[in-house]
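The next block holds one structure in the form of structure tokens; read it before the comments.
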Amino acid sequence: MQKSNIVTALAALITFSGTANAEDNNSAERANPKLVVAISVDQFSADLFAEYRSSFTGGLKRLANGVVFPSGYQSHAATETCPGHSTIMTGVHSGRAGIIANNWIDQSIEREDKTVYCAEDERIAGTSFGDITAATQGDFVASAWHLLVPTLGERLKKISPQSRNVAVAGKDRAALMMGGHDIDEIYWWKGNGFSTLQGRKIMPAVARLNETIGAKIDKARPAFDIPARCSAHSAKIMHGEGKSVGDYAFQRPDGAASIYRGSPDFDRSIIAAATTVINEMKLGQGEATDVISVGLSATDYIGHAFGTEGLEMCIQMGELDRSLGEFFDILDGQNIDYVVMLTADHGGLDLPERMSQQGVPTAQRIDPDLNAKVIGKKVAAGLNIPGDKPVLYADGPFGDYYVSLDLSEEQREQVKDSAIALIAAHAQVEMVLDRDDIASIEVPRGSPDEWTLAERARASFNPDRSGDFIVLLKKGITPIATTQRGYVSTHGSPWDYDRRVPILFWRSGIQHFEQPLSVMTVDIAPTLGALIGVEITADQTDGQCLDIDGGPANSCE
Ligand code: ZN
């Protein structure tokens, strides 16, 4: 929309009564889209997008023919699911959003392990954190209360009360971080079906969908097509005793729910739930613009269980492309004027056992003794600190480490210095950053590909929640010591294989262009906001509006 058109724009902003239709392709004249479809494909790295791009024929091909930013950045160091999803619809870095990691330590809470899950409300009595791998199934109350900033959908509802803000995802944290607090309907997968916030009812159509899925979830399924391009990816890679990945095509006659989550069928279910909610609520068909956030989680479960470069991911990329195409075809069929944005919460890295065969001889699993428990015991012994209470807390071998608040100030300083010295000397550790050093710098506004490691850590730092120091591992170190629990590879590092994600926009009639220079996921909310009349001011975002009009008009004005 052009500056000269500001009166029309204002009218549209106030009344939301534009008369958009699919044939009206003149961007200067165009009304606001009626539906924003914001999709996050969990663990869909820029590398996966590049690797499979030429093979796409469905929904991802359509997006690749829209506006393409192949070098999007989840700019922060803590490249995990919750921080990643917290940047996409808020326009701020994860630290400012309050989401420093999937889990962090809060020594003020009663629980013995002091661990808090990003998408829970631990203030509600009787809940427990449980095991991280069971985080989405455990005994806790899901909530967006840790998220400190509003999402795009919430901002829209403030100025346009008829607008609906909806989220559907495979993971609770994806739905909650993209949807936010003020949400009309929200669903995520839990156990054997879609669940919602405590105290809310599941709409009947979603309950019926749950029955349909439940009836087939543990049954054998027909084989997926194995495209010719996948044959080169099909090779058995051993990891641990008698365990392998690389040649599995998702056909297990006794497939249980956990396997279902790690198969292309899971994304189909999430898209079916999103479609059901769109149909039931008639999203995009009212006077006002609606927002739906969709979190497709299968790519992440498949990446963790099988790595990123095997037959399994090759099949998944084709199926994801196909199911997105089916989703967009349904939206086309309803004559909704919708805009799609697709990105990812983080990238990912293949398992070290395959990487070491494929050009990265230095790829390794982490030393099992590199963690807060072992290091803490060594430090306490060295300093003659008595007792069995831990002196160090951390959720995992990298990221935020916390020194016990039960110690004296003097002891805390000694523990911190001694632990940092021990960890920094480890061959797998790139750098240990002291919280004071991180807090003293500013998050840069410029190109995220040029940021220092400390600047990346600053973007996921929050003074009230972050640790006393932050551990960053060397490139190619997989922070999973043993594959016994089923996860073979992961993400979470400050390196670009975990930070770089595609950012794609599509709307009917959009002029294709590709901009290879780096942009950030914090640019997404201001960019989409400008299309729907939600102004996100410079002080409210760490990003900036991207002009996605490929011609002389400017979608940001
Ligand atoms: Zn994720």
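Start at 1 and go down the list; that is how both ligands and their atoms are numbered.
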> Is the shortest distance from a Lys or Arg side-chain nitrogen in Glu185 or Arg164 to a carboxylate oxygen in the other one below 4.0 Å?
Replying inline: no
> Counting backbone and side chain alike, does His85 bring an N/O/S atom below 2.8 Å of the Zn ion (ligand 1)?
Replying inline: no
> So is Arg499 actually on top of Tyr73's ring, under 6.0 Å and inside 45° of the axis?
Replying inline: no
> Do any of the N, O or S atoms of Glu80 sit under 2.8 Å from the Zn ion (ligand 1)?
Replying inline: no
> Among the N, O or S atoms that Asp42 has, which is closest to the Zn ion (ligand 1)?
Replying inline: OD1
> Given Trp506 and Phe328, is the side-chain contact (heavy atoms from CB on, under 4.5 Å) satisfied, shown in steps?
Replying inline: CA-CA 11 Å; Trp506 181 89; Phe328 301 152; over 6 Å; no
> Counting backbone and side chain alike, does Asp300 bring an N/O/S atom below 2.8 Å of the Zn ion (ligand 1)?
Replying inline: no
> When you measure from the centre of the six-membered ring of Trp145, is the NZ or CZ of Arg123 under 6.0 Å away and within 45° of the axis?
Replying inline: yes
> With a 6.0 Å cut-off on ring centres, are Tyr402 and Trp104 close enough?
Replying inline: no
> Tell me, which N, O or S atom in Asp345 is closest to the Zn ion (ligand 1)?
Replying inline: OD2
> Does the shortest distance from the Zn ion (ligand 1) to an N/O/S atom of Gln43 fall below 2.8 Å?
Replying inline: no
